[in-house]
Participant: 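Take this structure, written in structure tokens, and hold onto it; I'll ask about it next.
In what follows, residues are counted from 1 in the order of the sequence shown.
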Amino acid sequence: MSFTLPDLPYSYDALAPYMSRETLEYHHDKHHLAYVNNGNNLLKGTEFEGKSLEEVVKGSFGKNVPLFNNAAQHYNHVLFWQWMKPNGGGAMPGELEKKIAADFGSVDKFKEDFVAAGVGQFGSGWAWLALVDGKLAITKTPNGENPLVHGGTPLLGVDVWEHSYYIDYRNRRPDYLKAFVDHLVNWEYVAELYAKAS
């Protein structure tokens, strides 16, 4: 099974002003495409040929670093585009909201901790909301690493590589993360992933 670049689920202008057309064109059409192309080349002739993307990510972690880096970033980005929507943010579906409030104390506390994880990730990486052993957890990972390789199920992730925000926010990563949580997150999709995982 080879990797393919998915179309964005919205137009390039749809997330403005929080994420610009230029950012999406570079991030999706150049960076994500590079992970797809490199991943396909690195997949050839390995034991992972013909396996699902999740199997490639889990199987190559710690064993085949170049393949893992590209496969994991492809996996992360396939989800990342769906984790955002025009007029995102806002209220969460009931079950998800209840679970977040139960596991973090409140929705506001969750948002604060999620943003802090992204701000605190040194260099390139991701901040995550994951389901681990039935409980919600906020984590951060370097580079392309994700909760999948640490026994968790990713429910929401935010890309803190500079290509994700530098065009729109320059060095203001906290502003980008706040805009992501308040205006971009597709909570219905997060709730769908939560329902499936639990």
Side-chain angles (χ1 to χ4, degrees), residues 3-39 53 70 72-94 96-97 100 107-130 138-147 154-194:
F3 304 155
T4 50
L5 182 70
D7 290 333
L8 287 174
Y10 30 73
S11 74
Y12 288 99
D13 292 325
L15 304 181
Y18 307 105
M19 194 174 277
S20 65
R21 163 183 278 272
E22 190 183 0
T23 289
L24 283 172
E25 285 174 346
Y26 271 94
H27 198 166
H28 176 270
D29 300 2
K30 295 192 165 52
H31 289 281
H32 190 172
L33 182 63
Y35 301 132
V36 168
N37 292 338
N38 293 335
L53 179 56
N70 287 279
Q73 279 290 73
H74 174 46
Y75 172 88
N76 295 350
H77 282 84
V78 166
L79 288 166
F80 185 58
W81 309 127
Q82 297 177 83
W83 277 323
M84 297 183 289
K85 69 172 190 177
N87 307 308
M92 299 173 182
L96 178 68
E97 188 176 14
I100 282 179
V107 169
D108 286 345
K109 180 78 173 102
F110 154 73
K111 288 180 177 178
E112 199 182 300
D113 291 354
F114 185 78
V115 166
V119 171
Q121 172 53 41
F122 183 76
S124 299
W126 293 74
W128 302 97
L129 170 67
I138 291 171
T139 61
K140 56 185 185 186
T141 57
N143 304 317
E145 243 176 75
N146 59 47
L155 302 180
L156 175 65
V158 62
D159 188 347
V160 296
W161 287 56
E162 285 191 340
H163 61 234
S164 193
Y165 62 88
Y166 218 80
I167 289 168
D168 300 322
Y169 297 91
R170 296 299 181 235
N171 61 333
R172 294 177 292 116
R173 189 192 283 187
D175 291 353
Y176 155 67
L177 289 162
K178 209 170 154 12
F180 177 82
V181 169
D182 291 342
H183 302 287
L184 292 174
V185 177
N186 180 352
W187 290 115
E188 286 71 28
Y189 184 62
V190 177
E192 219 176 281
L193 294 177
Y194 170 62

Participant: Would you check, one step at a time, whether the test side-chain contact (heavy atoms from CB on, under 4.5 Å) holds for N186 with Q82?
Facilitator: CA-CA 7 Å; N186 180 352; Q82 297 177 83; 5.7 Å; no
Participant: Going from CG on L177 to CD on Q121, what distance comes out if it is rounded to the nearest 0.5 angstrom?
Facilitator: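 One finds 11.0 Å between CG of L177 and CD of Q121.
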Participant: Do W126 and Q73 pair up side chain to side chain, a donor and an acceptor below 3.5 Å, judged on atom types alone?
Facilitator: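 A pair is found: one side chain offers a donor N or O, the other an acceptor, under 3.5 Å apart.
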Participant: So, do M84 and Y10 sit near enough that their side-chain heavy atoms are less than 4.5 Å apart?
Facilitator: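 They are in side-chain contact.
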Participant: Check the pair N143, W161 against side-chain contact (heavy atoms from CB on, under 4.5 Å), reporting the backbone distance first and the verdict last.
Facilitator: CA-CA 8 Å; N143 304 317; W161 287 56; 4.1 Å; yes
Participant: Is there side-chain contact between Y165 and D159, with heavy atoms separated by less than 4.5 Å?
Facilitator: no
Participant: Show every salt bridge (charged side-chain N to carboxylate O under 4.0 Å, His left out) that has at least one partner inside residues 7-22, sequence neighbours left out.
Facilitator: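 Only D13-R21, R21-E25 qualify under salt bridge (charged side-chain N to carboxylate O under 4.0 Å, His left out).
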Participant: Does the plane of the ring in H77 sit parallel, tilted or perpendicular to the ring in H163? Use 30° and 60° as the thresholds.
Facilitator: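 Tilted, since the angle between the ring planes falls between 30° and 60°.
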Participant: If you look at every heavy atom in G157 and F80, which pair is closest and at what distance?
Facilitator: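 Answer, listing the atom of G157 first, then F80: O-CD1, 3.6 Å.
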Participant: Ring centroid separation for H74 and Y35, is it under 6.0 angstrom?
Facilitator: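 Judged by ring-centre distance (under 6.0 Å), H74 and Y35 do not meet the cut-off.
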Participant: Would you check if the side chain of T23 reaches a backbone N or O of I167 as a donor-acceptor pair within less than 3.5 Å?
Facilitator: no
Participant: Looking at side-chain heavy atoms only, is the closest gap between L156 and W187 below 4.5 Å?
Facilitator: yes
Participant: State the CG-CD1 distance between L155 and I100, to the nearest 0.5 angstrom.
Facilitator: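 Rounded to the nearest 0.5 Å, the CG-CD1 separation comes to 8.5 Å.
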Participant: Do the non-hydrogen side-chain atoms of W81 and H27 ever get within less than 4.5 Å of each other?
Facilitator: yes
Participant: Tell me the closest heavy-atom pair linking I138 and A117, and the distance in Å.
Facilitator: CG2-CB, 3.7 Å
Participant: Is a side-chain donor or acceptor of W83 paired with a backbone partner of V158 at a separation under 3.5 angstrom?
Facilitator: no
Participant: Does the K140 side chain pair with the main chain of G120, one donor and one acceptor, at a distance under 3.5 Å?
Facilitator: yes
Participant: Hey, could you give me the OG/CE distance between S164 and M19, rounded to the nearest 0.5 Å?
Facilitator: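 That separation rounds to 4.5 Å.
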Participant: Could you tell me the separation between the NZ atom of K178 and the CG atom of D175, rounded to the nearest 0.5 Å?
Facilitator: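 It is 9.0 Å, given to the nearest 0.5 Å.
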Participant: Not counting sequence neighbours, list each pair that qualifies as a salt bridge (charged side-chain N to carboxylate O under 4.0 Å, His left out) and has a residue in residues 115-129.
Facilitator: none
Participant: Contact between P154 and Y75 at the side-chain level, heavy atoms closer than 4.5 Å - yes or no?
Facilitator: yes
Participant: Would you give the length of the straight line joining atom CG of N146 to atom CG of N76, rounded to the nearest 0.5 angstrom?
Facilitator: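 Here the interatomic distance stands at 4.5 Å.
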Participant: Will you find, in the side chains of D29 and Y12, an N or O donor that is under 3.5 Å from an N or O acceptor?
Facilitator: yes
Participant: Are M92 and V190 close enough, and set up right, to give a side-chain contact (heavy atoms from CB on, under 4.5 Å), and what steps lead you there?
Facilitator: CA-CA 9 Å; M92 299 173 182; V190 177; over 6 Å; no
Participant: Locate the shortest heavy-atom distance separating V160 from G118; write the atom from each residue and the value.
Facilitator: CG1-O, 3.9 Å
Participant: Name all residues meeting the side chain to side chain contact (heavy atoms under 4.5 Å, CB included) criterion together with H183; count only those two or more places apart in sequence or in a different chain, and write none if there are none.
Facilitator: Y18
Participant: Parallel, tilted or perpendicular: which one describes the rings of F180 and Y176, with boundaries at 30° and 60°?
Facilitator: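 Tilted.
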Participant: Find out whether the Lys NZ or Arg CZ of K30 is both under 6.0 angstrom from the six-membered ring centre of Y26 and within 45° of the ring's axis.
Facilitator: yes
Participant: One thing to verify: whether E162 and R173 come together as a salt bridge, which I'm taking to mean a side-chain N less than 4.0 angstrom from a carboxylate O.
Facilitator: no
Participant: Rounded to the nearest 0.5 Å, what's the gap from CG on L24 to NE2 on H31? Could you check?
Facilitator: 12.0 Å
Participant: Under a plain distance cut-off of 3.5 Å, with no hydrogens placed, do S20 and D168 share a side-chain donor-acceptor pair?
Facilitator: yes
Participant: Taking the six-membered ring for Trp, are H28 and H32 parallel (under 30°), tilted (30 to 60°) or perpendicular (over 60°)?
Facilitator: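 Answer is perpendicular, since the angle exceeds 60°.
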